[in-house]
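Small disclaimer: the values here were computed from a predicted structure and weren't measured. Just so it is clear, the values below take in all heavy atoms, side chains as well, and ignore hydrogens, waters and symmetry mates. Here is the naming used below: chain letters follow the sequence lines, and residue numbers restart at 1 for every chain.
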Protein chains: 2
Amino acid sequence: MSGLRERKKEATRAALSWAAVRLTVERGLSAVKVEDIAAAVGVSPRTYNNYFSSKAEAIAFRYLERSLRLAAELRHGPPGEPLWEAITRAALRQLEPGPEVERMPPQEPDEWAAGVRVMLAEPALEAEMLRASKIAEKELAAAIADRTGTDPGSDLYPRLVAASVMAANNVALELFVQGGTGEPMEVLLPRTLRMVAAGLPTP
Amino acid sequence: MSGLRERKKEATRAALSWAAVRLTVERGLSAVKVEDIAAAVGVSPRTYNNYFSSKAEAIAFRYLERSLRLAAELRHGPPGEPLWEAITRAALRQLEPGPEVERMPPQEPDEWAAGVRVMLAEPALEAEMLRASKIAEKELAAAIADRTGTDPGSDLYPRLVAASVMAANNVALELFVQGGTGEPMEVLLPRTLRMVAAGLPTP
DNA sequence: CGCAAATATACGCGCCACGCAACTTTCCCT
DNA sequence: AGGGAAAGTTGCGTGGCGCGTATATTTGCG
(Lines give C-alpha, C1' and ligand atoms only; values in the text may rest on other atoms or scores of the structure.)
Protein backbone atom coordinates (compact mmCIF):
# COMPACT_ATOMS: atom_id res chain seq x y z
CA MET A 1 0.00 0.00 0.00
CA SER A 2 2.67 2.52 0.93
CA GLY A 3 5.49 1.29 -1.30
CA LEU A 4 7.82 3.63 -3.05
CA ARG A 5 5.84 3.09 -6.19
CA GLU A 6 2.49 4.13 -4.82
CA ARG A 7 3.83 7.15 -3.03
CA LYS A 8 5.65 8.37 -6.09
CA LYS A 9 2.54 7.91 -8.13
CA GLU A 10 0.42 9.86 -5.69
CA ALA A 11 3.06 12.58 -5.58
CA THR A 12 3.04 12.87 -9.36
CA ARG A 13 -0.75 12.93 -9.42
CA ALA A 14 -0.88 15.64 -6.78
CA ALA A 15 1.81 17.66 -8.53
CA LEU A 16 -0.01 17.47 -11.85
CA SER A 17 -3.29 18.42 -10.24
CA TRP A 18 -1.74 21.32 -8.41
CA ALA A 19 0.08 22.58 -11.49
CA ALA A 20 -3.15 22.42 -13.45
CA VAL A 21 -4.92 24.53 -10.84
CA ARG A 22 -2.14 27.07 -10.58
CA LEU A 23 -1.76 27.56 -14.31
CA THR A 24 -5.50 27.79 -14.84
CA VAL A 25 -5.92 30.38 -12.10
CA GLU A 26 -3.09 32.39 -13.62
CA ARG A 27 -4.01 32.22 -17.29
CA GLY A 28 -7.50 30.82 -17.66
CA LEU A 29 -8.46 27.32 -18.71
CA SER A 30 -8.27 27.63 -22.47
CA ALA A 31 -4.85 29.27 -22.35
CA VAL A 32 -3.36 26.25 -20.61
CA LYS A 33 -2.28 23.36 -22.80
CA VAL A 34 -1.81 19.86 -21.49
CA GLU A 35 1.77 20.18 -22.61
CA ASP A 36 2.24 23.09 -20.21
CA ILE A 37 0.98 21.17 -17.22
CA ALA A 38 3.15 18.18 -18.03
CA ALA A 39 6.17 20.42 -18.57
CA ALA A 40 5.60 22.18 -15.25
CA VAL A 41 5.84 18.86 -13.45
CA GLY A 42 8.53 17.37 -15.63
CA VAL A 43 6.72 14.46 -17.23
CA SER A 44 5.69 13.76 -20.79
CA PRO A 45 2.27 14.82 -22.04
CA ARG A 46 1.48 11.17 -22.62
CA THR A 47 2.12 10.41 -18.97
CA TYR A 48 -0.18 13.20 -17.95
CA ASN A 49 -2.93 11.39 -19.77
CA ASN A 50 -2.23 8.24 -17.82
CA TYR A 51 -3.22 10.13 -14.69
CA PHE A 52 -6.00 12.38 -15.91
CA SER A 53 -8.04 12.10 -19.05
CA SER A 54 -8.82 15.79 -19.27
CA LYS A 55 -7.70 19.13 -17.94
CA ALA A 56 -10.89 19.47 -15.98
CA GLU A 57 -10.38 16.16 -14.24
CA ALA A 58 -6.92 17.18 -13.07
CA ILE A 59 -8.26 20.38 -11.58
CA ALA A 60 -11.27 18.78 -9.95
CA PHE A 61 -9.08 16.11 -8.39
CA ARG A 62 -8.17 18.30 -5.45
CA TYR A 63 -11.82 18.87 -4.69
CA LEU A 64 -12.51 15.17 -5.09
CA GLU A 65 -9.79 14.26 -2.63
CA ARG A 66 -11.14 16.64 -0.03
CA SER A 67 -14.67 15.41 -0.50
CA LEU A 68 -13.62 11.81 -0.11
CA ARG A 69 -12.04 12.66 3.20
CA LEU A 70 -15.53 13.37 4.52
CA ALA A 71 -16.52 9.74 4.14
CA ALA A 72 -13.17 8.58 5.47
CA GLU A 73 -13.48 10.76 8.57
CA LEU A 74 -16.93 9.42 9.19
CA ARG A 75 -15.65 5.87 9.19
CA HIS A 76 -12.76 6.57 11.52
CA GLY A 77 -14.76 8.39 14.16
CA PRO A 78 -16.19 6.93 17.36
CA PRO A 79 -18.95 4.48 16.37
CA GLY A 80 -21.23 5.44 19.24
CA GLU A 81 -21.54 9.09 18.26
CA PRO A 82 -24.97 10.18 16.96
CA LEU A 83 -25.04 10.23 13.17
CA TRP A 84 -25.54 13.90 12.53
CA GLU A 85 -22.96 14.96 15.09
CA ALA A 86 -20.48 12.63 13.45
CA ILE A 87 -21.31 14.03 10.02
CA THR A 88 -20.92 17.61 11.16
CA ARG A 89 -17.61 16.85 12.81
CA ALA A 90 -16.34 15.02 9.71
CA ALA A 91 -17.46 17.87 7.47
CA LEU A 92 -15.67 20.44 9.58
CA ARG A 93 -12.59 18.28 9.75
CA GLN A 94 -12.47 18.15 5.98
CA LEU A 95 -12.11 21.92 5.88
CA GLU A 96 -8.76 21.89 7.62
CA PRO A 97 -6.04 22.49 5.07
CA GLY A 98 -4.25 19.33 4.11
CA PRO A 99 -0.49 18.91 3.95
CA GLU A 100 -0.51 20.01 0.33
CA VAL A 101 -1.29 23.63 1.05
CA GLU A 102 1.99 24.44 2.70
CA ARG A 103 3.72 23.75 -0.59
CA MET A 104 2.09 26.66 -2.32
CA PRO A 105 1.91 29.78 -0.18
CA PRO A 106 -0.66 32.04 -1.83
CA GLN A 107 1.34 35.24 -2.16
CA GLU A 108 -1.51 37.31 -3.51
CA PRO A 109 -4.65 36.04 -1.79
CA ASP A 110 -6.97 38.51 -3.47
CA GLU A 111 -5.75 37.87 -6.97
CA TRP A 112 -5.79 34.18 -6.31
CA ALA A 113 -9.36 34.22 -5.03
CA ALA A 114 -10.43 36.12 -8.12
CA GLY A 115 -8.68 33.56 -10.30
CA VAL A 116 -10.44 30.76 -8.48
CA ARG A 117 -13.80 32.37 -9.11
CA VAL A 118 -13.01 32.65 -12.81
CA MET A 119 -11.87 29.06 -12.83
CA LEU A 120 -15.05 27.76 -11.19
CA ALA A 121 -17.15 29.64 -13.73
CA GLU A 122 -15.86 27.43 -16.57
CA PRO A 123 -18.67 25.08 -17.61
CA ALA A 124 -16.33 22.18 -18.20
CA LEU A 125 -14.97 22.58 -14.69
CA GLU A 126 -18.39 22.78 -13.17
CA ALA A 127 -19.35 19.45 -14.70
CA GLU A 128 -16.22 17.77 -13.45
CA MET A 129 -16.67 19.14 -9.94
CA LEU A 130 -20.20 17.81 -9.86
CA ARG A 131 -18.94 14.44 -10.96
CA ALA A 132 -16.45 14.48 -8.11
CA SER A 133 -19.28 15.37 -5.76
CA LYS A 134 -21.25 12.39 -6.88
CA ILE A 135 -18.33 10.01 -6.44
CA ALA A 136 -17.86 11.31 -2.92
CA GLU A 137 -21.59 10.99 -2.35
CA LYS A 138 -21.44 7.30 -3.13
CA GLU A 139 -18.64 6.78 -0.62
CA LEU A 140 -20.54 8.78 1.93
CA ALA A 141 -23.69 6.72 1.38
CA ALA A 142 -21.70 3.55 1.95
CA ALA A 143 -20.20 4.92 5.16
CA ILE A 144 -23.62 6.00 6.43
CA ALA A 145 -25.11 2.65 5.55
CA ASP A 146 -22.38 0.97 7.59
CA ARG A 147 -23.11 3.16 10.56
CA THR A 148 -26.86 2.81 10.49
CA GLY A 149 -27.03 -0.82 9.44
CA THR A 150 -29.01 -0.08 6.30
CA ASP A 151 -28.42 -1.37 2.79
CA PRO A 152 -27.17 1.23 0.31
CA GLY A 153 -28.36 -0.91 -2.57
CA SER A 154 -32.05 -0.90 -1.73
CA ASP A 155 -32.70 1.54 1.12
CA LEU A 156 -33.50 5.14 0.47
CA TYR A 157 -32.16 6.43 3.75
CA PRO A 158 -28.38 6.31 3.32
CA ARG A 159 -28.54 7.65 -0.20
CA LEU A 160 -30.82 10.47 0.78
CA VAL A 161 -28.71 11.46 3.75
CA ALA A 162 -25.56 11.39 1.64
CA ALA A 163 -27.17 13.42 -1.11
CA SER A 164 -28.51 15.93 1.40
CA VAL A 165 -25.14 16.29 3.11
CA MET A 166 -23.44 16.95 -0.20
CA ALA A 167 -26.19 19.40 -1.07
CA ALA A 168 -25.64 21.25 2.20
CA ASN A 169 -21.92 21.17 1.59
CA ASN A 170 -22.21 22.55 -1.92
CA VAL A 171 -24.69 25.26 -1.01
CA ALA A 172 -22.41 26.44 1.78
CA LEU A 173 -19.40 26.36 -0.52
CA GLU A 174 -21.19 28.24 -3.28
CA LEU A 175 -22.32 30.97 -0.96
CA PHE A 176 -18.83 31.17 0.45
CA VAL A 177 -16.88 31.52 -2.80
CA GLN A 178 -19.53 33.82 -4.16
CA GLY A 179 -18.81 35.84 -1.05
CA GLY A 180 -22.28 37.31 -0.58
CA THR A 181 -22.10 37.27 3.18
CA GLY A 182 -18.63 37.41 4.66
CA GLU A 183 -19.22 34.37 6.82
CA PRO A 184 -16.59 31.61 6.87
CA MET A 185 -17.29 28.00 5.99
CA GLU A 186 -16.94 27.04 9.65
CA VAL A 187 -20.15 28.95 10.28
CA LEU A 188 -22.06 28.30 7.06
CA LEU A 189 -21.53 24.56 6.91
CA PRO A 190 -22.88 23.58 10.34
CA ARG A 191 -25.86 25.79 9.70
CA THR A 192 -26.79 24.16 6.39
CA LEU A 193 -26.24 20.72 7.87
CA ARG A 194 -28.49 21.49 10.81
CA MET A 195 -31.16 22.71 8.42
CA VAL A 196 -31.24 19.62 6.21
CA ALA A 197 -31.08 17.35 9.25
CA ALA A 198 -34.02 19.05 10.91
CA GLY A 199 -36.12 19.40 7.78
CA LEU A 200 -37.03 22.40 5.70
CA PRO A 201 -40.48 23.68 6.69
CA THR A 202 -41.62 26.91 5.11
CA PRO A 203 -40.22 29.73 7.25
CA MET B 1 -41.41 34.34 -29.29
CA SER B 2 -43.38 31.80 -31.31
CA GLY B 3 -42.38 32.81 -34.80
CA LEU B 4 -41.69 30.31 -37.50
CA ARG B 5 -38.01 30.82 -36.91
CA GLU B 6 -38.03 30.00 -33.20
CA ARG B 7 -40.25 26.98 -33.59
CA LYS B 8 -38.12 25.57 -36.35
CA LYS B 9 -35.05 26.05 -34.24
CA GLU B 10 -36.56 24.27 -31.29
CA ALA B 11 -37.71 21.47 -33.56
CA THR B 12 -34.21 21.01 -34.92
CA ARG B 13 -32.75 21.06 -31.43
CA ALA B 14 -35.21 18.46 -30.22
CA ALA B 15 -34.63 16.30 -33.28
CA LEU B 16 -30.88 16.41 -32.80
CA SER B 17 -31.19 15.60 -29.14
CA TRP B 18 -33.50 12.74 -29.78
CA ALA B 19 -31.36 11.31 -32.56
CA ALA B 20 -28.34 11.50 -30.28
CA VAL B 21 -30.16 9.52 -27.60
CA ARG B 22 -31.47 6.91 -30.00
CA LEU B 23 -28.16 6.30 -31.71
CA THR B 24 -26.30 6.14 -28.41
CA VAL B 25 -28.75 3.66 -26.93
CA GLU B 26 -28.42 1.52 -30.04
CA ARG B 27 -24.64 1.59 -30.55
CA GLY B 28 -22.99 3.07 -27.48
CA LEU B 29 -21.61 6.55 -27.09
CA SER B 30 -18.19 6.12 -28.65
CA ALA B 31 -19.60 4.40 -31.72
CA VAL B 32 -21.69 7.44 -32.56
CA LYS B 33 -19.99 10.24 -34.44
CA VAL B 34 -21.31 13.77 -34.55
CA GLU B 35 -21.57 13.31 -38.27
CA ASP B 36 -24.03 10.44 -37.75
CA ILE B 37 -26.32 12.50 -35.56
CA ALA B 38 -26.29 15.39 -37.98
CA ALA B 39 -26.93 13.04 -40.89
CA ALA B 40 -29.87 11.40 -39.08
CA VAL B 41 -31.57 14.78 -38.79
CA GLY B 42 -30.48 16.08 -42.16
CA VAL B 43 -28.29 19.02 -41.18
CA SER B 44 -24.61 19.64 -41.56
CA PRO B 45 -22.18 18.61 -38.79
CA ARG B 46 -21.27 22.24 -38.33
CA THR B 47 -24.87 23.12 -37.68
CA TYR B 48 -25.04 20.45 -35.05
CA ASN B 49 -22.32 22.31 -33.20
CA ASN B 50 -24.35 25.48 -33.30
CA TYR B 51 -26.93 23.72 -31.16
CA PHE B 52 -24.81 21.52 -28.92
CA SER B 53 -21.13 21.74 -28.19
CA SER B 54 -20.71 18.07 -27.40
CA LYS B 55 -22.42 14.74 -27.82
CA ALA B 56 -23.08 14.55 -24.11
CA GLU B 57 -24.82 17.90 -24.08
CA ALA B 58 -27.19 16.83 -26.83
CA ILE B 59 -28.15 13.72 -24.91
CA ALA B 60 -28.52 15.46 -21.56
CA PHE B 61 -30.72 18.11 -23.14
CA ARG B 62 -33.83 16.01 -22.83
CA TYR B 63 -33.19 15.53 -19.14
CA LEU B 64 -32.52 19.25 -18.78
CA GLU B 65 -35.76 20.16 -20.42
CA ARG B 66 -37.73 17.91 -18.13
CA SER B 67 -35.97 19.20 -15.06
CA LEU B 68 -36.63 22.79 -16.03
CA ARG B 69 -40.30 22.02 -16.24
CA LEU B 70 -40.24 21.41 -12.50
CA ALA B 71 -39.45 25.05 -11.81
CA ALA B 72 -41.91 26.20 -14.47
CA GLU B 73 -44.72 24.10 -12.98
CA LEU B 74 -43.98 25.53 -9.58
CA ARG B 75 -44.34 29.06 -10.90
CA HIS B 76 -47.60 28.38 -12.68
CA GLY B 77 -49.35 26.65 -9.81
CA PRO B 78 -51.77 28.27 -7.35
CA PRO B 79 -49.78 30.73 -5.24
CA GLY B 80 -51.60 29.92 -2.03
CA GLU B 81 -50.66 26.26 -1.98
CA PRO B 82 -48.23 25.22 0.79
CA LEU B 83 -44.67 25.05 -0.55
CA TRP B 84 -44.00 21.35 -0.23
CA GLU B 85 -47.34 20.33 -1.65
CA ALA B 86 -46.67 22.56 -4.62
CA ILE B 87 -43.22 21.07 -5.05
CA THR B 88 -44.51 17.52 -4.90
CA ARG B 89 -47.24 18.26 -7.39
CA ALA B 90 -44.79 19.93 -9.76
CA ALA B 91 -42.36 17.04 -9.45
CA LEU B 92 -45.06 14.51 -10.28
CA ARG B 93 -46.29 16.61 -13.15
CA GLN B 94 -42.84 16.59 -14.66
CA LEU B 95 -42.97 12.80 -14.89
CA GLU B 96 -45.81 12.83 -17.35
CA PRO B 97 -44.48 12.09 -20.80
CA GLY B 98 -44.16 15.18 -22.94
CA PRO B 99 -45.41 15.52 -26.50
CA GLU B 100 -42.07 14.28 -27.80
CA VAL B 101 -42.53 10.70 -26.68
CA GLU B 102 -45.31 9.86 -29.09
CA ARG B 103 -42.88 10.42 -31.92
CA MET B 104 -40.71 7.49 -30.96
CA PRO B 105 -42.67 4.42 -29.91
CA PRO B 106 -40.26 2.15 -28.05
CA GLN B 107 -40.75 -1.09 -29.89
CA GLU B 108 -38.50 -3.12 -27.64
CA PRO B 109 -38.92 -1.71 -24.13
CA ASP B 110 -36.55 -4.18 -22.47
CA GLU B 111 -33.76 -3.68 -24.93
CA TRP B 112 -34.27 0.01 -24.79
CA ALA B 113 -34.15 0.10 -20.99
CA ALA B 114 -30.91 -1.84 -21.07
CA GLY B 115 -29.47 0.59 -23.55
CA VAL B 116 -30.46 3.50 -21.37
CA ARG B 117 -28.67 1.95 -18.43
CA VAL B 118 -25.52 1.53 -20.50
CA MET B 119 -25.84 5.08 -21.70
CA LEU B 120 -26.17 6.52 -18.20
CA ALA B 121 -23.09 4.62 -17.10
CA GLU B 122 -20.87 6.69 -19.41
CA PRO B 123 -18.80 9.06 -17.28
CA ALA B 124 -19.06 11.89 -19.80
CA LEU B 125 -22.83 11.57 -19.75
CA GLU B 126 -22.99 11.50 -16.00
CA ALA B 127 -21.12 14.79 -15.82
CA GLU B 128 -23.43 16.43 -18.30
CA MET B 129 -26.54 15.18 -16.54
CA LEU B 130 -25.29 16.61 -13.29
CA ARG B 131 -24.65 19.91 -14.97
CA ALA B 132 -28.21 19.91 -16.23
CA SER B 133 -29.36 19.15 -12.71
CA LYS B 134 -27.55 22.15 -11.40
CA ILE B 135 -28.96 24.47 -14.02
CA ALA B 136 -32.43 23.28 -13.11
CA GLU B 137 -31.59 23.69 -9.45
CA LYS B 138 -30.83 27.36 -10.00
CA GLU B 139 -34.18 27.90 -11.70
CA LEU B 140 -35.89 26.04 -8.92
CA ALA B 141 -34.16 28.13 -6.27
CA ALA B 142 -35.35 31.28 -8.01
CA ALA B 143 -38.91 29.98 -8.16
CA ILE B 144 -38.86 29.02 -4.50
CA ALA B 145 -37.41 32.37 -3.53
CA ASP B 146 -40.27 34.05 -5.37
CA ARG B 147 -42.80 31.99 -3.53
CA THR B 148 -41.33 32.41 -0.06
CA GLY B 149 -40.24 36.00 -0.43
CA THR B 150 -36.59 35.21 0.27
CA ASP B 151 -33.52 36.37 -1.64
CA PRO B 152 -31.75 33.65 -3.64
CA GLY B 153 -28.56 35.70 -3.64
CA SER B 154 -27.99 35.82 0.07
CA ASP B 155 -30.46 33.50 1.82
CA LEU B 156 -29.65 29.89 2.47
CA TYR B 157 -33.24 28.69 2.47
CA PRO B 158 -34.24 28.72 -1.22
CA ARG B 159 -30.93 27.26 -2.31
CA LEU B 160 -31.06 24.53 0.27
CA VAL B 161 -34.62 23.58 -0.59
CA ALA B 162 -33.83 23.52 -4.29
CA ALA B 163 -30.72 21.42 -3.72
CA SER B 164 -32.64 19.03 -1.48
CA VAL B 165 -35.46 18.66 -3.97
CA MET B 166 -33.02 17.84 -6.75
CA ALA B 167 -31.26 15.43 -4.42
CA ALA B 168 -34.53 13.67 -3.68
CA ASN B 169 -35.36 13.64 -7.36
CA ASN B 170 -32.02 12.17 -8.34
CA VAL B 171 -32.01 9.55 -5.60
CA ALA B 172 -35.45 8.40 -6.65
CA LEU B 173 -34.45 8.34 -10.29
CA GLU B 174 -31.25 6.40 -9.58
CA LEU B 175 -33.05 3.79 -7.59
CA PHE B 176 -35.65 3.55 -10.30
CA VAL B 177 -33.37 3.04 -13.30
CA GLN B 178 -31.17 0.77 -11.25
CA GLY B 179 -34.35 -1.16 -10.70
CA GLY B 180 -33.55 -2.52 -7.23
CA THR B 181 -37.13 -2.37 -6.05
CA GLY B 182 -39.77 -2.55 -8.73
CA GLU B 183 -41.50 0.57 -7.49
CA PRO B 184 -42.45 3.25 -10.02
CA MET B 185 -41.30 6.85 -9.83
CA GLU B 186 -44.79 7.94 -8.83
CA VAL B 187 -44.24 6.13 -5.54
CA LEU B 188 -40.53 6.72 -4.98
CA LEU B 189 -40.51 10.44 -5.64
CA PRO B 190 -43.17 11.56 -3.16
CA ARG B 191 -41.52 9.41 -0.54
CA THR B 192 -38.07 10.95 -0.95
CA LEU B 193 -39.58 14.42 -1.05
CA ARG B 194 -41.48 13.80 2.15
CA MET B 195 -38.31 12.57 3.81
CA VAL B 196 -36.16 15.58 2.94
CA ALA B 197 -38.99 17.94 3.84
CA ALA B 198 -39.49 16.38 7.24
CA GLY B 199 -35.82 15.96 8.08
CA LEU B 200 -33.61 12.92 8.26
CA PRO B 201 -33.27 11.74 11.86
CA THR B 202 -31.47 8.49 12.48
CA PRO B 203 -34.02 5.72 12.09
C1' DC C 1 -41.78 43.38 -52.61
C1' DG C 2 -37.20 44.24 -50.89
C1' DC C 3 -33.97 45.04 -47.19
C1' DA C 4 -31.91 43.72 -42.71
C1' DA C 5 -31.05 40.20 -39.50
C1' DA C 6 -30.66 35.73 -38.15
C1' DT C 7 -29.45 31.08 -39.31
C1' DA C 8 -27.27 27.15 -42.02
C1' DT C 9 -23.33 25.57 -44.39
C1' DA C 10 -18.40 24.91 -46.16
C1' DC C 11 -13.70 24.93 -45.07
C1' DG C 12 -10.01 24.57 -42.13
C1' DC C 13 -7.09 24.61 -37.93
C1' DG C 14 -5.27 23.19 -33.49
C1' DC C 15 -5.97 20.54 -29.45
C1' DC C 16 -6.72 16.41 -27.25
C1' DA C 17 -7.88 11.51 -25.93
C1' DC C 18 -6.03 7.20 -26.58
C1' DG C 19 -4.04 2.69 -28.74
C1' DC C 20 0.40 0.61 -29.49
C1' DA C 21 5.05 -0.74 -28.80
C1' DA C 22 9.36 -0.07 -26.87
C1' DC C 23 12.08 1.12 -22.66
C1' DT C 24 12.96 1.92 -17.60
C1' DT C 25 12.06 1.45 -12.78
C1' DT C 26 10.26 -0.93 -8.82
C1' DC C 27 8.87 -5.04 -6.43
C1' DC C 28 8.98 -9.63 -4.65
C1' DC C 29 10.58 -14.20 -3.97
C1' DT C 30 14.03 -17.48 -3.37
C1' DA D 1 21.18 -10.10 -2.98
C1' DG D 2 19.89 -10.90 -7.43
C1' DG D 3 17.05 -11.78 -11.23
C1' DG D 4 12.71 -12.11 -13.43
C1' DA D 5 7.97 -10.33 -13.42
C1' DA D 6 5.01 -6.44 -13.05
C1' DA D 7 4.03 -1.75 -13.35
C1' DG D 8 5.02 2.81 -15.01
C1' DT D 9 6.84 6.05 -18.55
C1' DT D 10 7.50 7.70 -23.10
C1' DG D 11 7.31 8.61 -28.33
C1' DC D 12 4.61 8.11 -32.25
C1' DG D 13 0.60 8.20 -34.77
C1' DT D 14 -4.40 8.69 -35.59
C1' DG D 15 -9.07 10.13 -35.58
C1' DG D 16 -12.50 13.05 -33.71
C1' DC D 17 -14.06 17.25 -31.96
C1' DG D 18 -14.72 22.19 -30.77
C1' DC D 19 -14.78 26.30 -32.88
C1' DG D 20 -13.45 30.69 -35.79
C1' DT D 21 -14.31 32.69 -40.18
C1' DA D 22 -16.52 33.59 -44.48
C1' DT D 23 -20.42 32.87 -47.45
C1' DA D 24 -25.06 31.50 -48.87
C1' DT D 25 -29.80 31.08 -47.65
C1' DT D 26 -33.93 31.79 -45.25
C1' DT D 27 -37.10 34.52 -42.31
C1' DG D 28 -39.18 38.75 -40.40
C1' DC D 29 -40.86 43.23 -41.08
C1' DG D 30 -42.02 47.51 -43.07
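For the pair E10(B) CD and dA6(C) C1', the interatomic distance rounds to 15 Å; values are reported in whole Å. If you take CZ of R7(B) and P of dT26(D), they are 18 Å apart, rounded to a whole angstrom. In this structure, CG of N49(B) is placed 15 Å from C1' of dT7(C), rounded to the nearest angstrom. Put simply, CD on E128(B) is 14 Å from C1' on dC17(D), counting in whole angstrom units. Regarding R13(A), its CZ atom lies at a distance of 14 Å from the C1' atom of dA7(D), rounded to whole Å. As a whole-Å value, the separation of F52(A) CZ from dC16(C) P is 15 Å. Atom pair K55(B):NZ and dC19(D):P shows a separation of 15 Å (rounding to whole Å applied). N50(A) places its CG atom 14 Å from the P atom of dC20(C), with the value rounded to the nearest Å.
Of all nucleotides listed (dT10(D), dT9(C), dT7(C)), dT9(C) comes nearest to the side chain of V43(B).
Among the atoms of the strands shown, none is found under 4.0 Å from any heavy atom of Y48(A). As judged by a 4.0 angstrom heavy-atom cut-off over every strand, T47(B) is placed among the base-contacting residues. Backbone-only contact: Y51(B) has heavy atoms under 4.0 Å from sugar-phosphate atoms and none from a base.
Side-chain nitrogen and oxygen atoms of K33(A) include none within less than 4.0 Å of the OP1 or OP2 phosphate oxygen of dC16(C). For dT7(C), neither phosphate oxygen OP1 nor OP2 lies less than 4.0 angstrom from any side-chain nitrogen or oxygen of K8(B).
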Check the pair Q94(B) / N169(B) against side-chain contact (heavy atoms from CB on, under 4.5 Å), numbers first and verdict last.
CA-CA 11 Å; Q94(B) 158 221 204; N169(B) 192 35; 4.0 Å; yes

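For the pair E128(A) and R131(A), the salt-bridge criterion is met [side-chain N within less than 4.0 Å of a carboxylate O]. Look at R7(A) and E10(A) and you find no salt bridge, because none of the NZ, NE, NH1 or NH2 atoms lies under 4.0 Å from a carboxylate O. Here R22(A) pairs with E26(A) in a salt bridge; the nearest charged N to carboxylate O distance falls below 4.0 Å.
Using a 3.5 Å distance cut-off with no hydrogens or angles, the side chains of Y157(B) and T202(A) do not pair a donor with an acceptor.
Along DNA chain C, the nucleotide nearest R46(A) and the nucleotide nearest V32(A) are compared for position; the residue whose nucleotide lies closer to the 5' end is V32(A).
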